[in-house]
Amino acid sequence: TSLVHYFLNKKKVFKDALFLSPQRNCSDPQEFIDFLNDSFSKDFETLEQWIQFFNSGKKRTIILENIQYLYFRKVNGFRVLNQLSTLITATKNSVFWVVTSAKYAFQYLDKSIQISELFAFTIELSEIDKITMKEALIKRHKISGYNLFFEKPPAAYLTKKFLKSSTEIQQEILKEEFFGDINKIAQSNFKIAFMYWIRAAEKVEGSTIYMRSLKNLNTSFLNKIAPVKLLLLNSILLQERLNSEEIVELSSLDEQRTLNIINSLFENGILTIEEGEFYIVNILLFRQITALLKSKNVIH
C-alpha cells in the first residue's frame, strides 16, 4: 500500500485513481456486488451491470487493495475472485486495475487458482538490505533529537576484540550488530522493524536513549507449538485476519476445541485482536512464525 501511494504521488497522471479496500472477508458473490455498490454509491444487482458501467464511462484507474479478503479457504470459497477475474477481463480496455495482496495469500492463490495469470505484471517487493533499513530507522529517530547508546548483549556474544576496544569503537560495533539483527528479524518489513526499534528502547536518561540488545530475544517457545495450532495459524496467515466464527468454520476440529486453541494462542501473545474482532498473527512474532511454517513445509 505504501509503495502504491508513493508511486501515485510521483506519477500525477494517476491523480484521480480510486482506492477500494474490503474491510471484511467476502466470499459470497452478492457480498462483492454490495461492496462495489457501497464503494461507488450505486444500486446495481448483477456483475453484468458493473461491467457495462465501467465500459460506458470514462477511463479509470482503480486500486483494489487486500484481495486476501476476497476469498475463503473452503469449498466454493473462490467465487468472488472468479467474479473479480471476469470483471477485470471484461473491463481491461476501460479500467487500469492495480491489485495488492499479502505475500503468502498471493502465493496460495497463485498455486490454487493461478491468479497471477490475470495480470500483465506482478511485482513482488524485493528484500531490503541492512543499509537501507538502517537509514530508514535513523532518519525517523533523528526527529526525536536524542542520542543513542547500545547496550551489550549477553557475554557469550562478546569477542576478545570487542572487549579490548574503546567505548567509542564498542558502540560502533554494537550499533552495526543491532541493525543487522533488526533487519534479520524484520526481513524487509519496515513495520516490524519500527516496532522492534520502539520495543528495544529500554530507558531514557537525560538526552540519551538506551537500546537493549536484540540478541536477548528468545522465541524458542515457538518451536513447541503443537501441529494443530500451526495449521490454525496458517489459516489466519493466508487470509491475514479472521474472526472466531471464520476460524471455527475453517477448522477441522469441533467448535469448542477450536475456540480453546484460539484463546490459548491469544493468551500466549501469538495472536492479537484487531478492530475488536479479527485475530491476526502478532506482528512482533510474524517473521519467526512464518519461518517456522516454512520449516514445516506449510508455506514456501
Q. Going through the distances and angles, do Glu151 and Leu174 end up as a side chain to side chain contact (heavy atoms under 4.5 Å, CB included)?
A. CA-CA 7 Å; Glu151 297 187 342; Leu174 292 174; over 6 Å; no

**Q.** Listed once per pair and sorted, the ring-ring contact (aromatic ring centres under 6.0 Å, His included) pairs that draw on residues 218-271, sequence neighbours left out
**A.** none

Q. Is Leu237 reachable from Ile262 through a run of I, L, V, M, F, W or Y residues, each pair having side-chain heavy atoms under 4.5 Å apart?
A. yes

Q | In one Ile/Leu/Val/Met/Phe/Trp/Tyr side-chain cluster, 4.5 Å: Ile62, Phe19 | A | no

[Y] and [X], any side-chain heavy atoms less than 4.5 Å apart:
X      : Y      : answer
Phe278 : Arg24  : yes
Leu64  : Pro22  : yes
Leu222 : Ile225 : yes
Trp97  : Leu118 : no
Lys294 : Tyr104 : yes
Glu45  : Ile33  : no
Leu87  : Leu36  : yes
Leu148 : Ile138 : yes

Q. Going by atom types alone, do Asn223 and Ser220 pair a side-chain donor with an acceptor below 3.5 Å?
A. no

Q) Any side-chain donor paired with an acceptor under 3.5 Å for Trp50 and Thr91? A) no

Q) Does the side chain to side chain contact (heavy atoms under 4.5 Å, CB included) test come out yes or no for Ser244 and Leu259, once each step is laid out? A) CA-CA 7 Å; Ser244 57; Leu259 293 175; 4.1 Å; yes

Side chain [X], main chain [Y], donor-acceptor under 3.5 Å:
X      : Y      : value
Gln68  : Ala102 : yes
Asp254 : Gln256 : yes
Asn243 : Glu277 : no
Glu240 : Ile280 : no
Thr100 : Asn66  : yes
Ser295 : Leu292 : yes
Arg241 : Asn25  : no
Ser264 : Asn260 : no
Thr290 : Arg287 : yes
Gln23  : Ser21  : yes

If you look at every heavy atom in [X] and [Y], which pair is closest and at what distance?
X      : Y      : result
Gly269 : Leu285 : O-CD1, 3.7 Å
Asp129 : Thr132 : OD1-N, 2.8 Å
Leu265 : Lys229 : CD2-CD, 4.0 Å
His141 : Tyr146 : NE2-O, 2.8 Å
Tyr71  : Gln239 : O-NE2, 2.6 Å

Q: Give the C-alpha distance, both sets of side-chain angles, the deciding distance and a yes or no for side chain to side chain contact (heavy atoms under 4.5 Å, CB included) between Leu242 and Leu250.
A: CA-CA 10 Å; Leu242 294 169; Leu250 288 174; 3.7 Å; yes

Count the heavy atoms belonging to other residues, nucleotides or ligands that lie under 6.0 Å from [atom1] of [X], then report whether that count exceeds 12.
X      : atom1 : result
Gln52  : CD    : no
Leu163 : CG    : yes
Lys215 : NZ    : yes

Please tabulate, for side-chain N and O atoms in residues 74-83, each donor-acceptor pair with protein atoms closer than 3.5 Å (sequence neighbours left out).
{"from": "Lys74", "atom 1": "NZ", "to": "Glu249", "atom 2": "OE2", "distance (Å)": "2.5"}
{"from": "Arg79", "atom 1": "NE", "to": "Asn76", "atom 2": "O", "distance (Å)": "3.2"}
{"from": "Asn82", "atom 1": "ND2", "to": "Phe78", "atom 2": "O", "distance (Å)": "3.3"}

Q. Do Trp197 and Phe190 have their ring centres less than 6.0 Å from each other?
A. no

Q: Measure from NZ or CZ of Arg60 to the centre of the six-membered ring of Phe53 and say whether it is under 6.0 Å with the direction within 45° of the ring axis.
A: yes

**Q.** side chain to side chain contact (heavy atoms under 4.5 Å, CB included) between Arg73 and Tyr108, intermediate numbers included
**A.** CA-CA 10 Å; Arg73 202 160 60 97; Tyr108 170 74; 2.8 Å; yes

Q: Any chance you could pull the hydrophobic cluster mates of Tyr210, using side-chain heavy atoms under 4.5 angstrom and chaining through other members?
A: Phe149

Q. Stepwise, does the side-chain hydrogen bond (donor to acceptor under 3.5 Å, both in side chains) test hold for Asn55 with Ser94?
A. CA-CA 5 Å; Asn55 284 335; Ser94 303; 3.0 Å; yes

